[in-house]
Amino acid sequence: MLKESCCGANQRRVIHLHRLMPEKTYDHNQIELRWYERWAGQDLYKAEEDSSRPKYYVLEMLPYPSGALHIGHIRNYSIGDALARYKWMRGFNVLHPMGWDAFGLPAENAAIANKQPPCEWTHSNIAKMKATHRRFQFSYDWDREVTTCEPEYYRWNQWFFLKMLERGLAYRKKALVNWCPECGTVLANEQVVDGCCWRHESTPVEQRALEQWFFKITQYTDQLLHDMKQLEGNWPERVLTMQRNWIGRSEGTEADFGSDYGPIRVFTTRVDTIFGATCVILAPEHPLAERMIDAAGRARAKAMVDARANKDPGDMEKEGFFTGKYAVNPYNGERVPIWIANFVLTTYGTGAIMAVPAHDERDFEFCSKYGIPIRAVIRPVEGRLALPAPMKEAFPDDGITENSGEFSGLPSDEARRRMTAKAEKDGFGKAAVTYRIKDWGVSRQRYWGTPIPVVHCANCGVVPVPESELPVLLPTNIQITGRGRSPLEDVPEFVNATCPKCGGPARRETDTMDTFVDSSWYFYRYCDPHNDRAPFDPKKISYWFPIDQYIGGVEHAILHLIYSRFFTKVMRDIGLVENDEPVKKLFTQGMVIAEGAKMSKSKGNVVGGDAVAERYGTDTARLFVLFAVPPEKEMDWIDAGVEGIYRFLGRVYRFATRNVERARQRSGNQTDADRKILRKLHQTIRKVTEDFETRWHFNTSIAAVMELMNDLYGEETNLSGVVLADVLEKLALMLGPFAPYLSQELWKELGRDGPVFQQTWPAYDADLAKEAEAEIVVQVNGKLRAHLSTPFGTPEDVLRQKALEHPKVRPFVDGKQIMKVIVVPDKLVNIVVR
RNA sequence: GCCCGGGUGGCGAAAUCGGCAGACGCAAAGGACUUAAAAUCCUUUUCACCGCAAGGUGAGUGCGGGUUCAAGUCCCGCCCCGGGCACCA
């Protein structure tokens, strides 16, 4: 077995150094191909429930099957795979699955571009990418593969939808969509470029209101916020902050301004400034607005809505107009004008605000522009009230109220409390909490997604498809033209349905689900992927969950992860799962850029996994993405750097193969070099183990192994066979999580059997790792002057004495007054002189 | 504007608890081997100055202050870069 792999051309003799020991050239292609074939079809990474071992669920975010794995994917999977293999070696029962986020818009675009059905396009992409996965030997249990566009999967999306509907968590309401009048179709946000259609660059996108489906995530807002406590410390602080901002909870007051059209309710966090309100402003979509203005006004309001949809709010000029009507401030009875303006959002608060230009920057900007009066009612705690005339900018800070009737002279927070209490007492308002987060719009007017399982019946209205009739299959014979509201509307055999309630003719819902629905629960399906009676067996979930480690890009910090948390809470309330949160620990890896530029297809600088594997092998590719920078940092792919790693693996391989014979014979006696190398070996094991257990800075782990290799080259001929055998064995094991092919090859060369990841992770011996003597740094006035080698535990006074006597120290000390000597045992002596 | 990260040699980086700044790798230079090259192996490589040399001296972690025997690391102020949020009332 050993000999058959080393053909003559591979061998040469290193005469000058190593006494005629044959070494082999590192031929990555041959090694990787051989093990690839050996392992094919062996189900090496199969996971099964086993209560006798601690479980470990490691998960990388499933990819969209775009056609090829690029180096960003490789980085993500190399981190997860190293961890999975390490955990196996530490005795854990590891679940490490993979799947495909296979629904989505690009498949439809591809269908339009090259007339290939989305299903076909998707499956051929999956096949290509899976081949790359296998080539890299990422340790997935492929029996558990989940492909979200398969009916076996998406029927459970539909099932969850029905559960949401039952619990009042799915509902319909009108919502605006982007509409291209040229295509006659709905556009996704990413298809809107500079306010115009991506395919018709001069056609402005309009806003149209359609009935659409929503999930009531707002019902869980407080839980989503509260349960973040369970995640603190285990999720990146940055992600939690982003989610908190996204939810955007703010406490304030709602109050009614009176008007001829009924009360106008406004929300404010600064009710303490309400005596400074000089107008009320409605969002252009506000229901009262329509009644207050004429046709010309309505046209202006509509134009505002369209313009706002496609512009970056940051560079939009504030605009508005006076309705001609007035509102009454409930606190002082003052009559103020009612305006309509583009910067007031209908989607936040009550869709109406009071404008207090003196104390709000936006209101200040708006009111200054239109000559609306500015009246200060808050003064700085130590300062005077601003005068209206020379006011150059708003004073938005808290302070002391003035000119506020009975509430004058109070600190802002006290004023807020008392004024809110008055609103509640007099019945014109109340304390209120508002959130930025909105209900999750799940409707997409698209073909390539999960059909929403309801029908519309003329007699019965919206009727859910019975569970027993799931899945509602997505038709496959379809022409994608990019025209019309949804491609599904052109498929009569899909649209024409029977009402499950009355048996009469009905129209099937043609909206499909947002693909975030697919990815909100796929990690549960991995635990029971072939179940055809339920989304999964709860018993399996309670064994594997929560996910111990989730690894993916920070770009999913908000949507995917918040939706996943929401789904878990709903599933828990249905009684399917026990955990509050799906993911115990989250790791967000940095982006990969190529030679200084963001990788993109249009730039043509995408570094493909296969190309790198071809040239250097997959072990080199994996090791390099882990070695270049710590995994959480952005990484620049530079070809030259890869060469260094390839050289390193070659060094390991050559060293091992030319010493394996000596190692097997365990010849020679203990030497000084042995002790030195053993120390280094155990220091290296300690370093690599600590990196796995704490920060995952694999760049330093790999650097440590390189140092060990450098030392081995220095002492090669001085080592005994016993120590060589020990070092080579542990080297192979330590490289296992990073370079599975090479480490397996070394393992075999050492005459050992079985996959490396099924071996036990080497333990380090703290005594062996300990340096023989302490290196003491001697400083004078903080400057390094000498080193001392002393036994560990040398008493302080001895260290002080030795330091003062050191010939390199004397010139800096002699003739000077010694003020102080600081001694840190086993570490440092600092002599302070004057 | 607000909230996070970050700024260290020619480059990627290391220094994990306030204790030798630059581990490891890339690039570069020199040497060995070779007819030659590649590959490989060995050496040098923060900057400035002194020295024939061994070696020595000084400066140095974005900038300015501070705390400390001692600061890349802690504190205050500023500059720059990256990311997220951004009319959220």
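What you see is a predicted model; the values in this text were computed from it and never measured. Note on naming: letters A, B, ... go to the chains in the order of the sequence lines (proteins, then strands), and numbering restarts at 1 for each one. These values consider heavy atoms only, across backbone and side chains, with no hydrogens, waters or symmetry-generated copies.
Under the 6.0 Å distance and 45° angle rule, A/Lys318 counts as a cation-pi partner of A/Phe343. A cation-pi geometry, defined here as NZ or CZ lying under 6.0 Å from the six-membered ring centre and within 45° of its normal, does not hold between A/Lys24 and A/Tyr653. A/Tyr348 does not carry A/Arg436 over the face of its six-membered ring by the limits of under 6.0 Å from the centre and within 45° of the normal. Both tests hold for A/Arg658 against A/Tyr713: distance to the six-membered ring centre under 6.0 Å, angle to the ring axis within 45°.
A donor-acceptor contact shorter than 3.5 Å is absent between the side chain of A/Ser404 and the backbone of A/Thr401. Between the A/His359 side chain and the A/Val377 main chain, a donor and an acceptor come within less than 3.5 Å of each other. Panel note: side chain A/Arg679, backbone A/Lys770; a donor-acceptor pair is recorded below 3.5 Å. For A/Tyr331 (side chain) and A/Met419 (main-chain N/O), a donor-acceptor pair under 3.5 Å exists by modelled atom type. Checked by atom type and distance alone, the side chain of A/Thr278 pairs as donor or acceptor with a backbone atom of A/Pro373 at under 3.5 Å. For A/Thr268 (side chain) and A/Arg270 (main-chain N/O), a donor-acceptor pair under 3.5 Å exists by modelled atom type. Without hydrogens or angle criteria, A/Thr588 side chain to A/Gly552 main chain gives no donor-acceptor distance under 3.5 Å.
One atom, CG of A/Leu240, and another, C1' of B/G84, lie 14 Å apart when rounded to the nearest Å. Atom pair A/Phe257:CZ and B/A89:C1' shows a separation of 12 Å (rounding to whole Å applied). Per the geometry, CZ belonging to A/Phe624 stands 11 Å off P belonging to B/C26, to the nearest Å.
Of the candidate nucleotides B/C20, B/C24, B/A89, B/C24 has the atom nearest to the side chain of A/Glu707. Of the candidate nucleotides B/A27, B/C20, B/C87, B/A27 has the atom nearest to the side chain of A/Arg647. In the set B/C87, B/A14, B/C20, the nucleotide with an atom closest to the side chain of A/Leu345 is B/C87. Nearest to the side chain of A/Ser250, among B/A13, B/G84, B/A89, sits B/A89. Looking at the side chain of A/Phe343, the nearest of the listed nucleotides B/C85, B/C4, B/A89 is B/A89. Nearest nucleotide to the side chain of A/Arg654, out of B/G84, B/C24, B/C41: B/C41.
Among the heavy atoms of the strands, none lies under 4.0 Å from A/Val705. Contact annotation for A/Arg436: base contact, defined as any heavy-atom pair under 4.0 Å involving a base atom. Contacts of A/Lys633 with the nucleic acid, taken as non-hydrogen atoms under 4.0 Å apart, involve only primed sugar atoms and P, OP1 or OP2. Using a 4.0 Å heavy-atom cutoff across all strands shown, A/Gly644 reaches sugar-phosphate atoms only and no base atom.
The side chain to side chain donor-acceptor pair (under 3.5 Å) check on A/Thr420 picks up A/Thr253, with sequence neighbours excluded.
Only the P atoms considered, B/U57 is 40 Å distant from B/C78, to the nearest whole Å. Taking atom P on both B/C80 and B/G22, the two are 32 Å apart, rounded to the nearest angstrom. Taking atom P on both nucleotides, B/G31 is separated from B/A36 by 13 Å, rounded to a whole Å. Rounded to whole Å, the P atom of B/U73 lies 23 Å from the corresponding atom of B/C3. If you take atom C1' in B/U40 and the same atom in B/U46, they sit 29 Å apart, rounded to whole Å.
A close approach under 4.0 Å does not occur between any side-chain nitrogen or oxygen of A/Asn699 and OP1 or OP2 of B/G25.
Remark: A/Ile353 in residues 350-358 of chain A come within less than 4.0 Å of RNA chain B through at least one heavy atom.
Aromatic ring pairs are classed by plane angle as parallel below 30°, tilted from 30° to 60° and perpendicular above 60°; the pair A/Phe738 and A/Phe692 is parallel.
None of A/Val778, A/Val813, A/Leu788 except one satisfies the side-chain contact (heavy atoms from CB on, under 4.5 Å) rule with A/His806; the exception is A/Leu788. Considering A/Arg695, A/Gln589, A/Arg238, A/His697 as possible partners of A/Glu632, the one that fulfils the side chain to side chain donor-acceptor pair (under 3.5 Å) test is A/His697.
No donor-acceptor contact under 3.5 angstrom links the side chains of A/Glu707 and A/Asn710, judged on distance only. Using modelled atom types, one finds no donor on one side chain facing an acceptor on the other under 3.5 Å when comparing A/Tyr764 with A/Glu690. Checking A/Asn29 against A/Tyr616 by side-chain atom types alone, no donor-acceptor pair falls below 3.5 Å.
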What does the list of N/O pairs under 3.5 Å between the protein and nucleotides 53-58 of chain B look like, with a distance for each?
unit_1: B/G58; atom_1: OP1; unit_2: A/Arg785; atom_2: NH2; d: 3.4
unit_1: B/G58; atom_1: OP2; unit_2: A/Arg785; atom_2: NH1; d: 3.2

Kindly give the atom pairs (protein nitrogen or oxygen, nucleotide nitrogen or oxygen) under 3.5 Å for nucleotides 42-48 of chain B.
none

Can you give me the N/O atom pairs linking the protein to nucleotides 69-73 of chain B at distances under 3.5 Å, or say none if there are none?
unit_1: B/C69; atom_1: OP1; unit_2: A/Lys820; atom_2: NZ; d: 3.2
unit_1: B/C69; atom_1: O2'; unit_2: A/Asn830; atom_2: ND2; d: 3.2
unit_1: B/C69; atom_1: O2; unit_2: A/Asn830; atom_2: ND2; d: 2.6

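Looking at RNA chain B, the stems built from 3 or more consecutive Watson-Crick or G-U wobble pairs, each pair with its key distances under 3.5 Å, are B:1-7 with B:79-85, B:10-12 with B:24-26, B:28-32 with B:40-44, B:46-50 with B:55-59, B:62-66 with B:74-78.
With a glycosidic angle further than 90° from 0, B/G5 counts as anti. Here B/C17 is in the syn range [glycosidic angle within 90° of 0].
Remark on RNA chain B: of its neighbouring residues A/Phe627 and A/Glu690, the 5'-side contact belongs to A/Glu690, judged by nearest-heavy-atom nucleotide. Of the two residues contacting RNA chain B, namely A/His697 and A/Tyr435, the nearest-nucleotide position lying further toward the 5' end is that of A/His697.
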